[in-house]
Each structure stands twice: as structure tokens, then as C-alpha cells.
Amino acid sequence: MPSDFLKYQAQTSPHPLAMEVSHANGSYIYDTNNKAYLDFVAGVSATPLGHNHPKIISAIKEQLDKYLHVMVYGEYIQKPAVELAKLLAKNLPYPLENTYLVNSGTEAIEGALKLAKRATGRSEIISAKNAYHGNTMGSMSVMGYEERKQAFRPLLPDVRFIAFNNEEDLNHITTKTAGVILETIQGGAGFIEPENGYLEKVRKRCDEVGALLILDEIQPGIGRTGKLFGFENYNCVPDILVLGKGLGGGMPIGAFTASRKLMNLLQDNPKLGHITTFGGHPVIAASALATLKEITESNLMAQALEKEQLFRKLLVHPLIKDVRGKGLMLAIITPSAEITNTVILQCQDKGLILFWLLFEPKAIRITPPLTISNHEIIEGCSIIIDILNKI
């Protein structure tokens with residue numbers, strides 16, 4: 001199987017981790033030798049309820065027996081998608097009430113960028129340095145990391161970059177700006193939180209010049225920061241909210257949400273302003289609905305903040321320079337990329353799954369399922385500290 005994996009399946013890097021998965025349950029993934037791995041990554045924040053959660057599996061199986069894909073998005077009334085969009089609206093501040101369901105986070109970013117241009121009649125998009133919003137051409141155009149983009153140029157024109165948390169740079173947002181797109185918490189850059197009311201100030205500047213604010217909640221959203229959406233921590237409501245990853249509960253999904261007035265612009269002039277075949281797929285929507293219900297009806301969000309404090313208490317070591325982030329979106333910062341690589345690779349050997357961040361080579365990702373137990377947190381952190389001690 002490993003040789004077939006390398007021969008027939010396109011790879012994303014020269015050295016994939018290549019663990020051969022047998023099954024997964026709760027906070028653990030098992031390989032084909034039945035070795036258990038404690039999962040501190042949750043599919044890069046995509047499985048907030050852990051693996052094989054009974055409510056998600058039940059919702060998927062129930063929908064499987066009814067129907068799969070029946071028609072392209074938006075033509076037929078399909079209950080799982082309608083109920084999902086309705087529950088999102090119920091849990092979002094006004095005027096975020098109308099959701100377009102797509103297949104992935106990057107596709108949702110594309111839709112959000114199109115909507116900002118359609119709504120304003122302007123072309124300029126402002127993004128942040130070291131931003132990551134996905135890997136399709138529009139999303140890559142607003143990625144603030146040239147090394148990842150240079151091989152694929154030309155990309156979208158009229159994209160400018162500002163420094164995250166730099167208030168002086170807000171002057172670059174002008175009456176030429178269609179939209180400002182920011183991650184609520186910068187992910188690939190190293191889990192950088194907004195400081196000193198930064199997002200409020202961006203919101204104010206966008207209002208002054210008539211630009212739309214797009215917030216990318218693909219990583220921080222769905223309960224990970226102790227609130228359902230990260231922006232709720234920072235007193236800022238976007239014009240367009242972008243979702244993905246955790247919303248699907250382990251199934252592929254993306255979504256962008258705005259006011260009904262804004263979203264209606266995609267219906268006409270031109271008609272079919274944004275289309276997708278499989279967006280809102282009934283099985284995936286059923287999984288997402290079960291996920292969203294469980295997170296909003298349980299105390300998992302409050303627990304995320306308590307578990308953050310446990311991680312911070314346990315992750316103290318001379319080689320840990322900082323623990324960044326909020327809730328269960330955390331990153332250990334070590335003194336060097338070499339130490340980070342050693343910890344991640346040796347932890348996998350010891351049965352603990354950690355991972356990297358895109359642009360910060362000294363960072364170790366810790367984004368476990370929200371359902372992780374205190375005992376499992378203690379177990380995993382002891383492995384990390386043990387390896388750091390040996391370094």
C-alpha cells in the first residue's frame with residue numbers, strides 16, 4: 001500500500017508522513033498495525049467532535065437511506081441544507097442571515113471575493129501579510145506569502161497587502177477597496193490574535209469608505225475559541241463570514257454567509273453569479289447539522305477555554321518560548337525549526353499526532369478535537385515534555 005500511495009496518488013510534499021490508517025475513534029487514530037495515535041490535530045481543525053462521533057455517524061446513515069445528490073445547488077429544497085443554513089442564522093448576529101453552501105473553505109473564499117466585487121463595483125482587495133485563505137487561484141491571490149505564489153503567477157490583479165495588527169496600514173483601505181479579507185486569528189502565520197481592538201478599527205475603516213469586511217473563520221470557527229465564531233471574541237461583525245473545516249464534522253464543506261440583501265446580488269446581473277454542483281450535498285449537510293447542533297447545545301465551547309488553561313499549565317519548558325492562540329487553537333513556539341521538526345516526528349513515533357503551520361517554521365500545531373478529555377491532554381503533553389527533555 002505505501003508504494004501504491006506514492007505511485008498513484010498525487011503528493012503535496014516530498015516527504016508525506018505516510019501513516020497507513022486502519023480506523024479512528026474519539027481522540028485516536030489507529031494504523032494498520034493497530035497502533036493508537038492520540039490526535040492533537042483533528043484533521044487540521046476539521047473534526048471538532050473527534051472521530052466517528054455517534055451523532056454524526058447516525059445523521060449520515062439516516063440521510064444515506066433517503067437520497068444522495070439529486071440536483072445542482074439551490075434548485076430543489078433539501079431539508080439538511082435548509083436546516084443547516086437556518087441554524088447558522090439563529091446563531092449569528094444580524095445581518096448575517098443568508099448562507100451559501102459550497103464544497104470547501106477555499107471555494108467559499110472565492111465566493112466571498114466575488115460577492116465583495118459584485119456588491120461594490122470595485123476591484124481592489126486588501127489582504128494581510130502572511131495570510132492564508134486557501135489554494136485556488138483567487139484564494140492564492142490573497143495569500144500573503146510570495147514564496148508559495150510565485151510559481152503560479154499571474155494571479156488576480158488589484159490585491160494589496162497590509163500588516164496584521166498595524167493600525168497605520170488601515171489608511172490603505174480607501175474608496176477603491178471592494179473588500180478587506182482577514183483571518184480572525186491568523187493561522188498559517190502562527191496563530192496571531194488581533195490586538196488593541198484591531199478588528200473593530202478595521203470594521204470602522206471599512207464603514208468609512210464603503211468597503212466590505214470579509215472574515216475567514218475556516219480555522220477558528222465552530223467553537224474552537226470558546227465562542228461559536230472567533231469574531232465574537234473581538235467585538236466585530238463582518239459583512240461576509242467564511243466557514244469551512246470544522247463545520248462539516250469530518251466531511252468536506254465550505255460556506256459563506258452575509259445579509260440577504262448582499263447574497264441576493266448573486267441571483268441576477270448575471271444570473272447564476274455563483275454556482276456549484278455539489279454544494280449543500282445532503283449527506284454532508286446532515287453531518288454539518290449534527291455537528292453544529294452538538295456544539296451549540298453542549299458545553300464544549302466553555303470547556304475549550306478550560307482545556308486551554310490545562311494545556312498552558314502543562315506546556316512549560318525552557319524550549320517552549322510561547323504558546324499562542326485561543327481556546328483549542330494553540331501553537332507551541334520553539335527556538336528553531338529543527339526543534340519543531342524533531343518534536344513533531346518523534347511524537348508521532350511515540351503515538352501522538354502533532355503538525356506544522358504553513359508559514360511559521362518554529363510552530364507546533366495543537367488543535368485537538370473539542371471533545372478531548374483532560375486525561376488525554378495530560379497524556380499528550382507529557383509526551384511532548386518528555387521529548388523536549390531529551391532534546
Side-chain angles (χ1 to χ4, degrees), residues 1-22 24 29-33 35 37-47 51 103-107 109-110 129-153 155 183 186-192 216 218-219 244-246 248 250-252 254 324-325 329-368 380 383-384 387 391:
M1 185 70 80
S3 60
D4 285 351
F5 169 68
L6 295 170
K7 182 176 181 180
Y8 297 111
Q9 188 173 338
Q11 303 297 312
T12 57
S13 73
H15 307 290
L17 292 172
M19 182 210 298
E20 192 170 347
V21 177
S22 163
I29 298 172
Y30 299 82
D31 69 14
T32 48
N33 297 315
K35 179 178 175 179
Y37 297 82
L38 178 55
D39 186 0
F40 267 21
V41 176
V44 187
S45 303
T47 55
H51 303 286
N103 305 286
S104 66
T106 192
E107 186 185 332
I109 293 289
E110 300 284 339
K129 295 169 185 173
N130 289 332
Y132 180 77
H133 299 286
N135 236 48
T136 46
M137 295 300 274
S139 301
M140 190 180 291
S141 301
V142 293
M143 182 197 298
Y145 199 76
E146 183 58 28
E147 183 185 324
R148 296 284 176 109
K149 299 194 295 186
Q150 59 191 10
F152 306 104
R153 288 192 173 279
L155 299 170
E183 298 158 275
Q186 281 203 302
F191 291 6
I192 310 296
D216 177 344
I218 293 168
Q219 282 202 70
K245 289 192 184 295
M251 296 287 268
R324 294 186 192 152
M329 182 178 176
L330 300 173
I332 297 172
I333 307 300
T334 75
S336 70
E338 289 72 25
I339 290 173
T340 286
N341 291 340
T342 299
V343 171
I344 292 171
L345 294 172
Q346 289 192 11
C347 275
Q348 177 159 315
D349 291 340
K350 298 288 184 185
L352 176 67
I353 296 171
L354 301 169
F355 209 59
W356 295 266
L357 297 186
L358 279 173
F359 309 140
E360 175 46 87
K362 295 182 294 224
I364 300 169
R365 168 189 289 275
I366 294 183
T367 55
I383 295 172
I384 295 170
I387 285 169
I391 293 173

With sequence neighbours left out, write down each residue that passes side-chain contact (heavy atoms from CB on, under 4.5 Å) with Ala189, or none if nothing qualifies.
-> Asn130, Gln186, Ile192

Approximate separation, where rounding is to 0.5 Å, of Ser336 OG and Ile391 CD1 = 8.0 Å

How far apart are the closest heavy atoms of Ala363 and Ile333, and which atoms are they?
-> CB-CD1, 3.7 Å

Side chains of residues 342-350: which donor-acceptor partners sit under 3.5 Å, not counting sequence neighbours?
| unit_1 | atom_1 | unit_2 | atom_2 | d |
| --- | --- | --- | --- | --- |
| Thr342 | OG1 | Glu338 | O | 2.9 |

Please round to the nearest 0.5 Å and tell me the distance separating atom CG of Leu38 and atom CD1 of Ile353.
-> 8.0 Å

Residues Ser45 and Gln219: closest non-hydrogen pair is OG-OE1, 3.9 Å

When rounded to the nearest 0.5 Å, the distance separating OG1 of Thr334 from CD1 of Ile364 is 5.5 Å

Would you please name every residue forming a ring pair (Phe, Tyr, Trp, His ring centres under 6.0 Å) with Phe40, sequence neighbours left out?
-> Phe311

Looking only at heavy atoms, the pair that brings Met329 and Gly187 closest together is CE-CA, 4.3 Å

Taking Asn33 for its side chain and Lys35 for its backbone only, find out whether a donor-acceptor pair lies under 3.5 Å.
-> no

May I ask you to test the Met143-Leu155 pair for a side-chain heavy-atom distance under 4.5 Å?
-> no

So, do Lys362 and Pro335 sit near enough that their side-chain heavy atoms are less than 4.5 Å apart?
-> no

Main-chain N/O of Tyr132 paired to Glu183 side chain as donor or acceptor, under 3.5 Å = yes

In residues 1-13, what donor-acceptor pairs under 3.5 Å come from side-chain atoms, sequence neighbours left out?
| unit_1 | atom_1 | unit_2 | atom_2 | d |
| --- | --- | --- | --- | --- |
| Gln11 | NE2 | Phe5 | O | 3.0 |
| Gln11 | NE2 | Gln9 | O | 2.6 |

Given side chains that start at C-beta, do those of Leu17 and Phe355 come closer than 4.5 Å, heavy atoms only?
-> yes

Can you name the closest pair of heavy atoms from Val142 and His133 and give their distance?
-> O-CD2, 3.6 Å

Residues at least two apart in sequence or cross-chain that pass ring pair (Phe, Tyr, Trp, His ring centres under 6.0 Å) with Phe359, listed by chain then number, are Tyr145

So do the side chains of Thr136 and Glu107 get within less than 4.5 Å of each other, counting heavy atoms only?
-> no

For Thr106 and Asn135, indicate whether the former's side chain and the latter's backbone hold a donor-acceptor pair under 3.5 Å.
-> yes

For residues 134-152, which residue pairs qualify under salt bridge (Lys or Arg N to Asp or Glu O under 4.0 Å), counting only residues two or more places apart or in two chains?
-> Glu146-Arg153

Between the OH atom in Tyr37 and the CG atom in Asp31, the distance rounded to the nearest 0.5 Å is 4.0 Å

Mind checking whether Ile366 and Ile384 have side chains closer than 4.5 Å, heavy atoms only?
-> yes

For the side chain of Ser22 and the backbone of Thr32, is there at least one donor-acceptor N/O pair under 3.5 Å apart?
-> no

What distance separates Ile332 CD1 from Arg365 CZ, expressed to the nearest 0.5 Å?
-> 12.5 Å

Any donor-acceptor pair under 3.5 Å linking the side chain of Thr47 with the backbone of Ala42?
-> yes

